[in-house]
Amino acid sequence: MAALRCLPGVGPKSAQRMALHLLERDREGAGRLVETLHLALERIGHCRLCRTLSESELCVLCANPRRDRSLLCVVETPADVLALEQATGFQGLYFVLMGHLSPLDGIGPAELGLDELDVRLDAGVVSEVILATNPTVEGEATAAYIAALAQERGIRATRIAHGVPLGGELEYVDGGTLAHAFAGRRTL
Amino acid sequence: MRVLLQPAFILHRRPYRDSSLLLEALSMEHGRLGLVARGAAGPRSRLRGLLQPFVPLLLSWSGAGDLVTLTGAEEQQPQSSLPPARLLSGLYANELLVRLLPRRDPCPELFKAYARLLAELATAAAEEPVLRSFEKCLLSELGYGLNLEHEAHSGAPIVAEAQYQYVLDCGPLAVAGNATGVPISGRGLLALRDGTLDDPVLLREAKRLTRAALAVQLQGQLLKTRELYRVKRTPRPE
């Protein structure tokens with residue numbers, strides 16, 4: 001039970017329920033869980049190119065020859081890659097930072113693998129860097145930093161837009177978002 | 001103890017448990033303090049977009065001791081966040097405050113200086129003079145203010161045309177002695193005092209001085225934000 005509590009959102013009560021369920025009713029499922037977790041821990045590492053979690057040396061996306069290698073989307077976490085893959089028709093490649101610049105937590109460019117990104121930008125294949133870091137102060141600082149790296153090499157850097165959520169009502173949108181949305185308005 | 005709607009800025013935030021945040025804030029009447037914002041990082045939280053660094057806020061909290069509980073937050077004025085290019089300077093100021101300022105030490109003057117810093121960073125053409133005058137303010141708040149008025153030995157007023165050696169625990173000395181300090185011109189000292197640093201030469205002098213003075217306070221800790229500046233400015237070898 002104590003082991004299950006390492007999962008997010010699992011407190012003592014749910015841990016007890018899960019443990020009893022696995023032991024009393026679903027021993028087979030428990031076996032599968034053990035096996036999968038074991039395999040995952042052993043095999044899954046980071047993709048050599050984009051640093052996302054991957055079973056092979058190159059992740060599925062980086063290995064796919066049909067994807068557009070001139071577009072590079074920079075995101076903070078592997079979960080962001082999944083979100084973008086599901087929601088957008090983006091056909092380029094990703095680079096996963098595994099965090100954001102946060103000087104007070106001791107996270108600088110080296111921790112985010114920006115030297116790898118440097119090498120990748122130097123290779124000259126990438127023509128546009130899409131900065132899809134979170135719209136937090138740290139995310140913005142990270143985006144500004146990477147944008148400077150790209151611009152040094154004459155590579156176009158773009159930032160994803162911030163705005164009012166679909167189906168939202170202006171009245172209930174927070175001031176910051178609304179200000180951003182207003183400043184970033186487009187001609188129709 | 002309950003505190004209601006206290007003007008404050010968030011200096012730093014880090015995730016805590018599932019959906020909470022640990023905040024480090026600078027408030028006007030209560031100095032730097034640590035807060036727990038329960039549920040603030042959850043997907044439905046109203047505070048998620050609000051509790052960001054550099055936004056003037058009104059915070060309410062309850063509790064005593066080192067970590068208090070946030071009970072409410074409101075925006076003080078329509079958002080005037082920093083432009084992306086200036087975020088680094090803002091983070092630099094935050095890092096200085098978190099590392100140097102003791103908790104729970106009221107510092108209304110410093111709070112005003114910080115608010116001014118953010119306002120000026122957002123609008124001013126050059127960021128360095130703004131940072132220098134904030135550093136000067138921070139040093140004097142820490143009780144190690146720079147002496148920019150008088151020569152340390154004779155007590156004579158600083159002469160713009162003279163050269164000085166600034167010895168940190170003593171003050172500016174007229175160059176005659178063989179003191180080992182930070183070399184700085186009289187004009188540099190006066191410009192730092194009056195906040196009129198426009199000349200690049202004087203700016204460099206003032207930067208050396210405040211940097212040396214802050215280094216003493218930091219006791220050998222290195223500032224992570226400074227690394228970011230350095231990487232950004234070194235030209236890349238082809």
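Within every chain, numbering begins at 1; the chains are lettered A, B, ... in the order of the sequence lines, protein sequences first and strands thereafter.
Pairs of residues two or more places apart, or lying in two chains, never qualify as side-chain hydrogen bond (donor to acceptor under 3.5 Å, both in side chains) while including a residue from residues 6-18 of chain A. Within the structure, side-chain hydrogen bond (donor to acceptor under 3.5 Å, both in side chains) pairs that include any residue of residues 78-99 of chain A comprise R67(A)-E85(A), T77(A)-D80(A), E85(A)-Y94(A) (at least two apart or interchain).
Of the atoms belonging to L223(B), not a single heavy atom falls under 4.5 Å from chain A. No part of L114(A) comes within reach of chain B, as not one of its non-hydrogen atoms sits under 4.5 angstrom from that chain.
Between K224(B) atom NZ and S102(A) atom OG the span is 10.5 Å, to the nearest 0.5 Å. Distance OH/Y145(A) to CG/L88(B): 8.5 Å, rounded to 0.5 Å. Atom CG of L104(A) sits about 8.0 Å away from atom CZ of R14(B), to the nearest 0.5 Å.
Two residues are said to be in side-chain contact when any heavy atoms from C-beta on lie closer than 4.5 Å; R226(B) and P103(A) fail this criterion.
Shown here is R103(B), whose CZ atom has more than 12 heavy atoms of other residues, nucleotides or ligands within 6.0 Å. More than 12 heavy atoms of other residues, nucleotides or ligands sit less than 6.0 Å from atom CZ of F90(A). Residue R159(A) qualifies as enclosed at atom CZ: its count of foreign heavy atoms under 6.0 Å is above 12. No more than 12 heavy atoms of other residues, nucleotides or ligands shown are found within 6.0 angstrom of CD on E28(A). The environment of E116(A) atom CD is dense: over 12 non-hydrogen atoms of other residues, nucleotides or ligands sit within 6.0 angstrom.
Applying a 4.5 Å heavy-atom cutoff, the residues of residues 126-141 of chain A that approach chain B are P135(A), T136(A), V137(A), E138(A), E140(A), A141(A). For residues 89-99 of chain B, heavy-atom neighbours of chain A at less than 4.5 Å comprise L91(B), N94(B), E95(B), V98(B), R99(B), sorted by residue number.
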